[in-house]
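Read through the structure below, which is laid out as structure tokens, and then see the notes.
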Amino acid sequence: MLAFPDIRLRRLRKTKALRALVRETRLTVSDLIYPIFVTHGRHLREPVEPMPGIYHLSLDNLLEEVNEVARLGIPGILLFGIPSYKDSSGSESYDDHGIIQEAIRVIKHTIPDLIVITDVCMCQYTDHGHCGMLNGDVIDNDATLEIYSRIAISHAEAGADIIAPSGMMDGQVKVIRKSLDDQNYPHVPIMAYSAKHASSFYGPFRIAADSTPRRGDRLSYQIDYANSRMALREIQTDIEEGADIVMIKPALPYLDVIARARDRFDHPIAAYHVSGEYSLIKAAAANSWINEREAALESLTGIRRAGADIIITYYAKDVASWLAEKY
Ligand code: PBG
């Protein structure tokens, strides 16, 4: 076995060119998806307090935003809606004139090539804040699936390119796939939030989307953060149910899940670098405690190194401009 002084690993770190030559993982703008929050009203651009740089946009301002996203070379966006009312079955979520359905039409009309991914869930739309139909204090899994199908179909009808169910109900991918096929949308892919862990890192998003459960928590549907084998079973079942892309979420605390999924499955893997992961860097950078750009690039490169093909991140626009500067 060769060892020091015959082996000197620093030889390959001597110059910038050598380091670039042996760099194993690259972050590129074509891997990124940018989440956007849309809201009813006009001329609105309301800052989301815990997520500096992120806004609630009304449809007129949305156009400006998606134009910028496209100009930066970011291939797609993930849409979240702030509804005008909430009720027990989250009915705006499948309303043809709901905020998401309107937003999809506006975007596809203007920038048809931008990939529009839509989150299929009920939590922003229900008065109780849960991701499914409640029966007393219990989530009714199978009744929820009917609503998810209606949401998915309404998104596909409006022109969504990819449907992304995030509610963690059993059977959601199967039921949505079947509805899409039956309603003549067999070509619309499903990006399944497969391994979605019950995470405190969603905190800033829940403030942004006003989607905190009024009572209880999401532990009966999202995965315990201590479980990686369970996460792999969720991915496995989603693949069997017809998912085209599988997602692991959040990203940084779950790099082991990403790496194991990469070894085991050949489907494209998306990782969601969630709101709390974004806010942590923002807050530390605001105090000059961390170099924002380096911390963001290191985090996202680490997620790619673990094996993610696609990264959903609130940093997508910043990264796109940083990468454009560098090369
Ligand atoms: C809805 C949903 C959540 C996120 C995406 N879709 C929140 C939740 O489960 O409470 C979180 C995204 C983020 O934190 O950036 N089910």
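Just so you know, ligand 1 is whichever comes first in the structure, and atom 1 is the first atom listed for that ligand. Residues: numbered from 1 along the sequence shown.
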**Request:** Inspect the contact between Asp309 and Arg262 and indicate whether a charged nitrogen and a carboxylate oxygen are less than 4.0 angstrom apart.
**Result:** yes
**Asked** What pairs of residues pass the side-chain hydrogen bond (donor to acceptor under 3.5 Å, both in side chains) test when at least one of them lies in residues 154-169, not counting sequence neighbours?
**Response** Gln101-Ser154, Lys108-Asp161, Thr118-His155, Asp119-Ser166
**Message:** Would you call the rings of Phe37 and Tyr314 parallel, tilted or perpendicular, taking 30° and 60° as the class edges?
**Reply:** parallel
**Prompt:** Please, which pairs that meet salt bridge (Lys or Arg N to Asp or Glu O under 4.0 Å) have at least one residue in residues 61-90, sequence neighbours excluded?
**Reply:** Arg45-Glu65, Glu65-Lys317, Glu68-Lys317, Lys86-Asp210
**Message:** Does the plane of the ring in His197 sit parallel, tilted or perpendicular to the ring in Tyr254? Use 30° and 60° as the thresholds.
**Reply:** parallel
May I have the N/O to N/O pairs between ligand 1 and the protein that fall below 3.5 Å, each with atom names and distance to one decimal?
from, atom 1, to, atom 2, distance (Å)
ligand 1, 6 (N), Asp119, OD1, 3.4
ligand 1, 6 (N), Lys249, NZ, 3.4
ligand 1, 9 (O), Lys196, NZ, 2.9
ligand 1, 9 (O), Gln222, NE2, 2.9
ligand 1, 10 (O), Arg206, NE, 2.5
ligand 1, 10 (O), Arg206, NH2, 2.9
ligand 1, 10 (O), Arg218, NE, 3.1
ligand 1, 10 (O), Arg218, NH2, 3.2
ligand 1, 14 (O), Ser275, N, 3.3
ligand 1, 14 (O), Ser275, OG, 2.7
ligand 1, 15 (O), Ser275, N, 2.8
ligand 1, 15 (O), Tyr314, OH, 2.6
ligand 1, 16 (N), Ser166, OG, 3.3
ligand 1, 16 (N), Lys196, NZ, 2.7

**Request:** Go through the structure and list residues passing side-chain hydrogen bond (donor to acceptor under 3.5 Å, both in side chains) with Asp140, not counting sequence neighbours.
**Result:** none
